[in-house]
Amino acid sequence: MRSFYLLAALHVPWVATFSFNGYDLGFHGTFPRQHFHSVDFEPPKTKITKWNDQCDNGYLFLTPRGPLVTDAARGPVISDPKGNLVWMNNDKFAQALNFNVQSYKGKDYLTFWTKVGEGLKGDSHEFRITPQGTALITIYNKHEADCTELGLGKSCWIQDGLFQEIDIETGNLIFEWRATDHISMNDVFSSPSMKDGHGKSKEDAFDFFHINSVDKTEEGDYIISARYMHAVVCISGKTGDILWQLGGKNNEFNDLNHALDFAWQHHVTWHGNNTLTLFDNHANNVFHMPSSHSKGMLIHLDMDSKTARLIQKFVHPDKILNVSQGSVQLVPESGNVLVGFGNSPTYIEYAPNGHVLCAAHFAPHLLFEIIDFGFVKSYRVFKHPWVGRPDTVPDVMVKKDKVYVSWNGATEVKGWRLESAEISEASDDDFVTIQSRGREGFETAFDLPKHKHDRYVRIVALDASENIMAQSAVVLASPPSSSFWPTFFTLLFTLSLLTLLVFIVVSVSRQRGSRWLERLPLPRLPHSPQLHSLKTRIYTTIKRGARGSLRDWEADPLLLNEREA
């Protein structure tokens with residue numbers, strides 16, 4: 001009966017769209033991962049809920065993170081459209097955000113933010129390369145300020161929002177802008193709180209502005225997303241003055257068709273022709289009305305008439321709401337629109353008219369459909385064509401009677417060839433081909449023939465024309481076996497079987513009234529724990545964890561050194 005009342009209380013559209021399957025009920029784990037033998041990578045195991053061949057065939061770029069994303073699962077990830085791993089780095093770049101492909105001096109590069117070394121000033125929210133070969137970055141700076149407008153007196157600590165344009169080749173500063181030089185604290189919708197700081201100390205600085213993206217127009221002006229102003233602001237590239245504002249308390253545009261229906265937004269991108277995209281979070285707290293939901297937006301501005309028109313909106317099929325992060329990409333190769341839902345581990349690819357083409361998520365629905373605590377997330381999600389030709393060699397591992405091979409980052413491998421030799425120092429001519437097969441996802445497995453007596457093997461990577469791309473290291477194919485473990489497990493199995501037989505005899509004898517067996521000191525099986533006590537322990541654990549970690553789930557989701565910056 002209690003379950004009935006719980007379902008009745010849920011938002012009806014959510015119940016209608018929820019997928020009750022093993023993955024989404026958590027039977028595969030709270031963060032399902034892929035596992036391999038040849039490498040220690042654990043990328044997300046993606047659940048695709050809708051697929052259409054019209055989806056762009058580029059690679060996906062994401063950065064899984066959150067309380068449940070630990071150890072080998074952390075770091076930037078490239079996967080194919082179906083979620084199969086292509087490249088990952090969970091060692092040097094375990095903390096990474098904003099993973100993307102950007103062009104610099106006519107060449108494409110992988111770019112992302114990572115926390116490396118000490119004293120870094122650049123913040124994780126933005127790193128955008130301009131056509132002029134400069135970089136746009138955001139900065140968070142804690143300092144004391146006059147907070148009379150906030151009712152906190154003449155002195156309080158704030159998180160100021162800055163952005164800089166830097167020449168990549170020389171490192172020279174081209175332009176810098178600071179929010180407190182131009183923005184009144186009365187113009188924001190945030191207020192001192194546990195989540196955003198109370199302003200009483202440097203460690204508890206109040207995040208009043210929260211800049212989270214910056215872009216540049218053809219005329220050389222800057223477009224910034226001021227999350228806590230609920231506004232997109234255009235900054236003069238010459239004077240730093242505010243040229244215009246879309247949304248917020250000082251909005252300058254007339255709304256033609258709900259183009260201003262956004263709040264707490266992320267990832268504002270300028271596309272020329274007075275057109276921009278943004279991700280409308282529409283909330284800054286996990287507790288919200290059921291009717292609220294996040295969405296991607298494509299907006300056109302008429303600068304002469306000062307009107308804003310919504311060209312298209314991109315809503316998640318389940319109308320989910322995620323309180324932080326998120327991205328909107330107009331995919332140039334296909335014209336589709338890819339929306340990453342940030343704090344919720346899901347992304348959707350749309351046709352230009354808003355029709356859902358492909359949908360996927362990389363954690364169970366239970367973790368984000370009801371309340372978006374950000375247990376698993378990716379700051380942004382992008383899609384690009386990419387060709388990877390690593391300067392490494394394929395990784396190979398022999399386990400029992402199989403050989404596993406993978407080549408991290410290689411996109412042009414179409415097949416593999418298993419070769420063997422009698423000695424590890426054998427020349428190429430001494431290796432004999434055992435088997436060839438096509439590539440099977442990130443990792444491919446070969447069966448070792450039992451009749452072969454050669455002790456050493458290697459695997460050769462082949463391209464589409466069966467040309468050799470690289471060769472793995474030579475590894476031992478038939479390591480000498482140890483007699484200890486087979487003997488140990490045989491003995492363990494025998495003892496287990498004897499114990500089972502004793503219990504069977506005891507059970508049968510008791511049923512037949514053999515009282516002499518009842519006098520034997522046989523062990524009694526423990527009673528199963530009461531269900532209500534188990535529920536109590538689980539509830540207590542969750543309650544304690546939520547009380548101690550709620551701030552971690554919501555506060556400063558992108559400052560990986562949290563409030564110490």
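At most 12 non-hydrogen atoms from other residues, nucleotides or ligands lie less than 6.0 angstrom from CD of Glu169. Annotation for His271: atom NE2 counts as buried by contact number, over 12 foreign heavy atoms lying within 6.0 Å. Residue Glu466 places its CD atom among 12 or fewer non-hydrogen atoms of other residues, nucleotides or ligands, all under 6.0 Å distant. Annotation for Arg389: atom CZ does not count as buried by contact number, only 12 or fewer foreign heavy atoms lying within 6.0 Å.
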* **Check against side-chain contact (heavy atoms from CB on, under 4.5 Å), Ile183 and Val233** => CA-CA 11 Å; Ile183 302 297; Val233 182; 5.6 Å; no
* **Working for side-chain hydrogen bond (donor to acceptor under 3.5 Å, both in side chains), residues Glu252 and Gln245** => CA-CA 6 Å; Glu252 301 176 32; Gln245 178 176 320; over 6 Å; no
* Going through the distances and angles, do Trp270 and Glu218 end up as a side-chain hydrogen bond (donor to acceptor under 3.5 Å, both in side chains)? -> CA-CA 9 Å; Trp270 187 257; Glu218 308 90 321; 3.1 Å; yes
* Take Arg128 and Asn100 through the test side-chain hydrogen bond (donor to acceptor under 3.5 Å, both in side chains) and record every step on the way to the result. => CA-CA 9 Å; Arg128 200 182 305 243; Asn100 205 352; over 6 Å; no
* Between Arg417 and Leu462, does a side-chain contact (heavy atoms from CB on, under 4.5 Å) hold up when you go through it step by step? -> CA-CA 7 Å; Arg417 189 166 70 211; Leu462 306 173; 4.2 Å; yes
* Lys295 and Asp261: salt bridge (Lys or Arg N to Asp or Glu O under 4.0 Å), yes or no, with the steps? -> CA-CA 10 Å; Lys295 60 184 178 294; Asp261 182 28; 3.5 Å; yes
* Would you check, one step at a time, whether the test salt bridge (Lys or Arg N to Asp or Glu O under 4.0 Å) holds for Lys238 with Glu219? => CA-CA 10 Å; Lys238 297 177 181 178; Glu219 293 77 22; over 6 Å; no
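Leu85 places none of its side-chain heavy atoms less than 4.5 Å from the side chain of Ser79. For the pair Ile235 and Ile242, the minimum side-chain heavy-atom distance is below 4.5 Å. Taking 4.5 Å as the limit, some side-chain heavy atom of Pro81 sits within range of a side-chain heavy atom of Trp51. Asn281 has its side chain out of reach of Val323: every pair of non-hydrogen atoms, C-beta onward, lies at least 4.5 Å apart. Annotation: side chain of His125 is in contact with side chain of His210 (closest heavy-atom distance under 4.5 Å). Looking only at side-chain heavy atoms (C-beta outward), Asp241 and Trp177 stay at 4.5 Å or farther from each other. Asn274 has its side chain out of reach of Asp302: every pair of non-hydrogen atoms, C-beta onward, lies at least 4.5 Å apart.
Between the side chain of Asp207 and the main chain of Tyr140, no donor-acceptor pair closer than 3.5 Å is present. In this structure, Asn251 contributes its side chain and Phe253 its backbone to a donor-acceptor pair below 3.5 Å. Of the possible donor and acceptor atoms, one in the side chain of Glu443 sits under 3.5 Å from a partner among the backbone N and O of Ser38. Under the 3.5 Å distance criterion, the side-chain polar atoms of Asp395 are left unmatched by any main-chain donor or acceptor of Val39. Checking side-chain atoms of Asn408 against main-chain N and O of Met88 turns up a donor-acceptor pair under 3.5 Å. A distance-only check finds no donor-acceptor pair linking the side chain of Asp372 to the backbone of Ile320 [under 3.5 Å]. For Thr444 (side chain) and Glu440 (main-chain N/O), a donor-acceptor pair under 3.5 Å exists by modelled atom type. Panel note: side chain Ser213, backbone Val268; a donor-acceptor pair is recorded below 3.5 Å. Not one N or O on the side chain of Tyr350 forms a donor-acceptor pair closer than 3.5 Å with the backbone of Lys313. Arg439 places a side-chain N or O within donor-acceptor distance of the main-chain N or O of Gly441, the cut-off being under 3.5 Å.
The six-membered or imidazole ring of His267 lies near that of Phe382, with a centre-to-centre distance under 6.0 Å. If you look at Phe279 and Phe341, their ring centroids are closer than 6.0 Å. A centroid separation of 6.0 Å or more is found between the aromatic rings of His365 and Tyr23. Centroid-to-centroid, the aromatic rings of Trp264 and His282 stay 6.0 Å apart or farther.
With His384 as the partner, the ring pair (Phe, Tyr, Trp, His ring centres under 6.0 Å) test is satisfied by one option alone out of Tyr59, Phe99, Tyr109, Phe61: Phe61. Checking each of Phe442, Phe41, Trp407 against Phe36 for a ring pair (Phe, Tyr, Trp, His ring centres under 6.0 Å) leaves exactly one that passes, namely Phe442.
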Output a table of donor-acceptor pairs, distance under 3.5 Å, between side-chain atoms of residues 26-33 and any protein atom two or more places apart or on a different chain; print 'none' if there are none.
residue, atom, partner, partner atom, Å
Arg33, NH1, Glu42, OE1, 2.6
Arg33, NH1, Thr70, O, 3.4
Arg33, NH2, Leu68, O, 3.1
Arg33, NH2, Thr70, OG1, 3.3

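Note on ring orientation: taking the six-membered ring where Trp is involved, the planes of Phe163 and Tyr222 are tilted (angle from 30° to 60°).
Closest non-hydrogen pair, His316 versus Thr346, comes out as NE2-OG1, 3.3 Å. Gln325 and Asn322 get closest at one heavy-atom pair: O-ND2, 3.5 Å. Here the closest non-hydrogen pair linking Tyr347 and Leu338 is CD1-CD1, 4.3 Å. Pairing each heavy atom of Lys383 with each of Val331, the nearest pair is O-CG1, 4.4 Å. The minimum heavy-atom distance between Asn353 and Gln312, with the atom names listed, is O-NE2, 3.1 Å. In this structure, Pro64 and Ala73 approach most closely via the heavy-atom pair CB-O, 4.4 Å.
For the pair Lys249 and Phe189, the cation-pi criterion (under 6.0 Å, within 45° of the ring axis) is fulfilled.
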